[in-house]
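Single-structure report; data block below.
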Amino acid sequence: MDVRIKPRPNKMIQSFGLLFVICNVQIGIGVFGFQRYIAREAGHDAWIAVLLAGMFCHFSGWLIVSVLRRYESADLYGIHQDLFGRWVGGGLSILMMLYYVIVTVTILRTYIEAVQSWIFPEFPTWLLAFVLLFLSWYAGISGLRVIVGVCFIGFFVMFAFSTLYYNPIQFAQWNRLLPIGEATPYQLFNGAVAMGFTLSGFEIVSFLYPYLNDKDKSQKYMQISLLLTNILYLFVILVTTIFFSQDQLLRTVWSSLNMLKIVKYPFLERIEVLAMGVWMFAVVPGIIILTWVISRGLRRLFNFPHKKVLIVFSIFIYVVTLVFHNREQIDMLNSLISKAALFISFVYPLFLYVTVAVVWWWRQHKPKKGEDELA
Amino acid sequence: MNKFKVKQISIVLMLVFMTGCFHSSVLERTSISVALGYDKIGEGKIQTSSVLYGPTSKEGKESSHVISVAGETSKGARQNLNHKLAFKVVSGQIRFIAYENELAKEGIISIVDTLSRDPSYGEMMYLSVTEKPIRDLFAYKYPNISNVGTYMSRLIAHNIQDSWVPSCTLHNFRNDYYSAGKEPVLPIVERTDKEVNVTALALFRKDVMIGKMQPKEAVYLKLLLNQEQPDTIEVKMPKDGMAKYVRKVNQPFKYMKAALGNIGSKSSIKLISKDELTFDVSIKINVELQEITEDYDFAEEGAVQKLETELSKQMSKDLVKMLNQLKRLNSDAVGFGEVYRSSVRNSRLTKEEWQDMFPKAKFNTTVNVNLIRTGTIE
């Protein structure tokens with residue numbers, strides 16, 4: 001496997017596309033109910049925790065892109081091999097892919113669970129999972145450009161729907177935000193940690209990077225897309241805090257949907273049902289990207305053909321998804337994966353940055369050893 | 001066209017045509033429930049009454065019918081409704097829920113939470129309390145009301161919009177119940193002969209109804225809640241210094257009454273001292289005079305100012321009366337606890353703590369009436 005890859009120009013995308021991809025991977029099903037996990041830790045100061053987590057996010061994003069820039073045109077699989085050699089690096093890459101498989105299952109199963117509890121209680125899991133995975137496979141085989149296009153739709157759906165939160169503001173009690181900063185730094189930090197899984201996903205830029213046309217703008221668009229996500233989350237958590245009373249929020253599983261329950265138009269009384277359905281546009285791109293990342297990995301490591309591999313493990317994900325039956329298991333899956341997400345999105349980039357810095361420094365000072373590897 | 005494409009297209013077409021195959025609710029084959037009522041019958045038994053849409057008559061008049069069933073839980077009773085109906089009950093159109101006060105005095109949060117747990121109910125249904133069995137209110141054949149369920153929800157909606165009834169949706173109730181420093185209030189509805197009316201407010205401590213508040217006081221409660229403002233306020237004040245501005249006295253009087261149109265009001269509550277628990281409660285209100293019981297001479301100098309100060313004085317007194325009633329019942333319907341929580345750092349207020357504190361609270365009230373105009377005549 002080559003460390004660096006040179007994709008054909010007709011497969012490459014503009015850095016601008018990162019905006020849609022990153023936002024879509026970050027904002028998926030999590031935005032429906034992340035609020036109570038943060039409020040549980042930080043109370044009415046949850047928004048400060050979100051802000052804090054957002055700043056971590058920017059920092060982590062900066063680290064990732066900086067590492068990628070050093071390598072000019074490598075993805076994380078390549079970097080793994082370069083830093084840790086074929087076997088250890090490959091092992092890390094496989095762990096990474098395994099993580100993305102579980103994330104995909106989590107997203108899929110959580111969305112299906114939400115659909116089942118809100119709209120169709122008897123809707124069979126296998127059918128919806130099939131439909132969603134079929135969609136993601138269909139987009140996935142068409143290549144990265146199509147994927148970015150799908151993300152573009154998702155991006156607009158998300159930001160269009162967030163304007164609906166104008167309505168809950170009318171029920172706001174602003175003094176719920178006061179007194180500002182009552183939570184201790186420890187609580188705020190815990191809140192920010194709880195935000196980890198919701199914000200994670202932006203690290204997939206390290207797989208997209210070789211495909212970017214204008215790599216010098218990558219840092220800029222990376223930061224802009226993180227900023228957009230953070231603004232959206234901040235907005236949602238602020239509206240949630242002023243809309244719900246604290247104990248009420250802690251009891252609400254899908255607070256974002258609950259807030260839409262009060263939106264009412266003469267021709268459309270229950271907009272949350274619509275939101276639930278349309279949100280598929282925001283969930284599917286996430287699944288598409290993650291499956292693309294995994295199939296890229298299998299191609300890079302084992303030289304499996306992309307299209308065939310995509311369908312094989314789409315079926316694999318499908319089967320794993322059907323294993324989970326009730327809310328308890330899904331919650332367990334979520335809390336398990338949230339810890340891993342925290343590590344992969346925030347700790348690992350830092351580790352990687354330091355390792356790359358050390359290894360490159362080593363190679364410069366001992367040119368003989370690293371030369372043939374770099375060449 | 002190759003084989004692969006044919007497969008693809010057929011799968012996509014399959015998805016399109018399969019969309020209608022999931023269970024559907026045909027309007028004519030559902031029993032649409034528009035209102036629910038819960039009565040207590042005996043120990044641990046709940047009777048659920050439901051108003052359903054009936055067939056529309058040839059003249060286009062809507063009709064309704066009412067059925068009641070008993071059950072151990074509210075949800076169980078609702079399931080039993082199906083025993084009496086030809087079609088499945090659907091609850092998406094329920095806009096009005098009533099609890100008999102016997103039930104409300106024992107606590108209703110479990111029934112309220114049940115409603116919120118089920119996503120098929122809306123969050124904007126109005127809750128209220130009745131003093132007599134609800135079955136009696138629902139089942140009565142009103143000569144002028146074709147469907148009592150939808151009528152009730154419109155009645156309440158309009159009173160929230162224009163009058164002294166505070167917003168009483170499911171969301172409001174749960175919101176207040178689960179907040180540390182505020183208690184819910186619900187309107188009390190009653191059938192009097194051939195009409196239904198909103199008679200008073202039910203005050204709660206947690207989810208238990210503990211008292212009533214009359215409309216006269218409820219106006220002030222609503223002014224403090226910063227919601228939709230009541231349209232008119234009636235004030236009855238002693239004549240005192242105003243006597244000299246009255247032109248013609250038909251019969252000797254002690255009190256003057258004025259009806260004020262509310263143009264816009266603002267209220268603010270501030271915590272002055274956290275140790276003595278003193279709150280500054282002030283209302284600024286712009287009004288236009290709609291009616292005054294005596295022949296008052298507005299043209300004379302100082303007459304308008306005098307009326308303003310007298311109105312302010314009297315309204316301030318009435319406001320105190322309302323606040324004292326809340327204190328006596330220990331039901332913080334205004335949300336002073338929330339003001340306390342939000343202005344005292346690290347208070348970590350809980351509902352229990354606030355219940356011990358609230359009766360000790362003191363209030364400084366000021367009402368500032370600004371008489372904008374006296375209608376089209378002086």
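None of these values were measured; they are calculated from a predicted model. Lettering follows sequence order; numbering is per chain, from 1.
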Audit row: B:Arg341, A:His44, side chain to side chain contact (heavy atoms under 4.5 Å, CB included) steps and yes/no: CA-CA 11 Å; B:Arg341 188 200 58 75; A:His44 62 268; 3.6 Å; yes

Interatomic distance, B:Glu338 atom CD to A:Leu178 atom CG [nearest 0.5 angstrom]: 10.5 Å

Under 3.5 Å: donor-acceptor pair, side chain of A:Glu182, backbone of B:Arg345: no

In Å, rounded to the nearest 0.5 Å, how long is the span from CZ of B:Phe173 to CD of A:Gln248? 11.5 Å

Interatomic distance, CD1@A:Ile262 vs CG@B:Leu170, rounded to 0.5 Å, equals 12.0 Å

Are there more than 12 heavy atoms of other residues, nucleotides or ligands under 6.0 Å from atom CZ of A:Phe316? no

Parallel, tilted or perpendicular: which one describes the rings of B:His171 and A:Phe171, with boundaries at 30° and 60°? perpendicular

One should read off an interatomic distance between A:Gln173 CD and B:Leu225 CG, to the nearest 0.5 angstrom, of 9.0 Å

Please say whether more than 12 non-hydrogen atoms of neighbouring residues, nucleotides or ligands are located less than 6.0 Å from NZ in A:Lys264. yes

B:Asn175 (side chain) donor-acceptor with A:Phe243 (main chain) under 3.5 angstrom: yes

State, yes or no, whether a side-chain contact exists between B:Lys351 and A:Asp247 at a heavy-atom distance under 4.5 Å. no

Please flag which part of A:Arg176 lies under 4.5 Å from any non-hydrogen atom of chain B: side chain, backbone, both or neither. both

Please classify the contact of B:Asp113 with chain A as side chain, backbone, both or neither, using a heavy-atom distance under 4.5 Å. side chain

For chain A, the option from B:Ser167, B:Gly335, B:Ser116, B:Ser120 that forms the most heavy-atom pairs under 4.5 Å: B:Ser120

Checking A:Glu272 against chain B: side chain, backbone, both or neither under 4.5 Å from a heavy atom? side chain

For B:Arg174 and A:Ser245, the nearest pair of non-hydrogen atoms, with its separation, is O-OG, 4.2 Å

A:Phe281, CZ atom: more than 12 neighbouring heavy atoms under 6.0 Å: no

Rounded at 0.5 Å granularity, tell me how far CE in B:Met124 sits from CZ in A:Arg270. 11.5 Å

Return yes when atom CZ of A:Phe189 has more than 12 non-hydrogen atoms of other residues, nucleotides or ligands closer than 6.0 Å, and no otherwise. no

Bottom line for A:Val131: the part with an atom under 4.5 Å from chain B's heavy atoms is side chain

Does A:Gln170, at its CD atom, have more than 12 non-hydrogen atoms belonging to other residues, nucleotides or ligands within less than 6.0 Å? yes

Ranked by heavy-atom pairs below 4.5 Å to chain A, first place among B:Ser342, B:Ser343, B:Gly92, B:Ala180 goes to B:Ser342

